[in-house]
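Working notes, beginning with the structure itself.
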Amino acid sequence: MSENKPVFVTQPALPPLEEFIVYLKQIWGSKILSNNGPFHKQFEKELANYLGVKYVSVFANGTLALVTALNVLRITGEVITTPYSFVATTHSLWWNNIKPVFVDIDPDTMNLEPEKIEAAITPQTTAIMPVHVYGNPCKVHEIQNIADTYGLKVIYDAAHAFGVNINGNSILNYGDLSVLSFHATKTFNTIEGGAIICHDEKTKKRIDFLKNFGFADEVTVIAPGINAKMNELQAAYGLVQLNYIDGYIKKRKIVSEYYRTRLAEVKGLRILKDMDGIEYSYAYFPVFIDAVEFNRTRDELYEELKKHHIHCRRYFYPLISNFPTYRGLASADPSNLPVATRISEQVLCLPIYPDLKENIIDRICNLIIQKTKF
Ligand SMILES: Cc1ncc(COP(=O)(O)O)c(C=O)c1O
């Protein structure tokens with residue numbers, strides 16, 4: 001590849017076009033495009049089977065799935081959440097008229113710190129919305145203990161955690177609900193898309209009503225639901241993707257391991273440690289730059305790589321708590337979030353996707369290692 005061809009933080013994995021065309025021909029024949037059609041039904045079943053979960057409801061995107069998940073459980077008042085995530089996490093609370101309460105993260109996993117969750121509970125708290133950032137599992141048992149003690153619901157934003165297992169059990173089996181995103185940038189994509197994972201049939205039924213305007217049948221609307229249905233083209237594309245996802249994850253693992261080998265000894269550059277018993281899906285490759293030890297700031301490195309057409313992303317900078325909608329909240333004060341504030345200034349997500357070639361990884365790593373030369 002030429003030195004000038006841009007490399008982005010991710011590149012979507014597309015399945016073979018011929019296989020998708022077979023499904024498209026069926027759709028053209030049936031003329032069923034949406035509204036819980038045959039591919040939608042089949043995709044939900046096959047996804048549940050693949051993920052090792054009981055019930056899956058697929059959505060048009062992950063954001064609508066988050067908004068609906070809060071609505072299904074009738075969450076109100078205050079919800080404890082993380083500032084270190086993509087804005088959609090907190091926006092889903094805003095759309096439900098819920099007050100976000102930001103809590104600081106653990107510097108080893110970048111996920112919510114359970115003790116800090118407990119300290120932030122008030123009489124108005126009804127739920128916890130943690131995020132498995134980069135697909136790194138939250139401390140699910142400790143979080144569940146807190147939820148059980150205080151009578152709170154737990155809704156995981158699992159947008160990064162497709163295919164992540166804890167001792168062979170899907171991470172999506174924890175909490176009351178988990179939400180996935182199948183956006184083009186994710187490990188598993190349906191172009192746009194998402195899902196709610198739940199553990200019982202009654203909840204699945206209510207989710208399905210709410211994602212279809214609240215219709216329970218032709219004449220019954222049970223609540224002000226939304227239109228968040230996945231269409232048949234996306235579902236068919238998802239069915240084809242399921243045949244390839246294991247291969248995508250394997251290739252991502254190879255990329256991740258190669259980065260680890262190449263960058264292991266770089267002073268001032270920290271890589272997250274893999275936790276015992278976790279099967280990862282390698283959604284992101286974040287590194288954390290200590291400006292003093294590394295001799296350059298994260299932003300200097302980011303700009304230098306950009307000059308060489310390597311487009312990394314600062315996930316997650318700025319913190320959600322710094323955006324105008326949320327910065328007035330007491331919990332958004334940086335003094336309440338010292339770890340998240342520091343980490344957001346250190347993080348740089350390096351390119352990772354199944355077809356990222358070793359020579360490009362070498363180019364990226366060489367630029368990082370030769371930092372003293374720029
Ligand atoms: C943590 C997190 N939550 C929610 C979303 C929103 O998902 P979507 O883009 O499918 O709406 C994303 C990504 O886009 C995300 O990274």
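Whatever order the structure lists ligands and atoms in, that order sets their numbers, starting from 1. What you are looking at is a predicted structure, and each value in this text was computed from that prediction instead of being measured.
At least one heavy atom of Gly193 sits under 4.0 Å from some atom of ligand 1. The shortest separation from a heavy atom of Gly194 to ligand 1 is not under 4.0 Å, leaving the residue out of contact.
By the 3.5 Å distance cut-off applied to N or O atoms, His183 is not counted among the residues near ligand 1. Between Asp157 and ligand 1, a contact under 3.5 Å exists for at least one N or O pair. At least one N/O-N/O distance between Lys186 and ligand 1 falls below 3.5 Å. For ligand 1, one of its N or O atoms has an N or O atom of Gly62 under 3.5 Å away.
A side-chain donor-acceptor contact under 3.5 Å links Ser57 and Lys204. Side-chain atoms of Asn173 and Ser170 form no donor-acceptor pair, as typed in the model, at a separation below 3.5 Å. Asn49 and Glu46 share no side-chain donor-acceptor pair at under 3.5 Å.
Here Thr63 has heavy atoms under 4.0 Å from ligand 1 in both its backbone and its side chain.
Nearest protein heavy-atom neighbour of atom 16 (O) of ligand 1: His160 NE2, 2.8 Å. With respect to atom 5 (C) of ligand 1, the closest heavy atom belonging to the protein is Phe86 CD2, 3.7 Å.
Aromatic ring pairs are classed by plane angle as parallel below 30°, tilted from 30° to 60° and perpendicular above 60°; the pair Phe162 and Phe182 is perpendicular. Below 30°, between 30° and 60°, or above 60°: for Tyr315 and Tyr284 the angle between ring planes is above 60°, a perpendicular geometry.
Atoms of ligand 1 lying under 4.0 Å from any heavy atom of Asn61, numbered from 1 in the order shown and given with element: 10 (O), 11 (O). Near Ala88, the atoms of ligand 1 lying under 4.0 angstrom from a non-hydrogen atom of the residue are 4 (C), 5 (C), 6 (C).
Taking the six-membered ring for Trp and the full ring otherwise, the centers of Tyr326 and His91 sit less than 6.0 Å from each other.
No more than 12 heavy-atom neighbours from other residues, nucleotides or ligands sit within 6.0 angstrom of NZ on Lys54.
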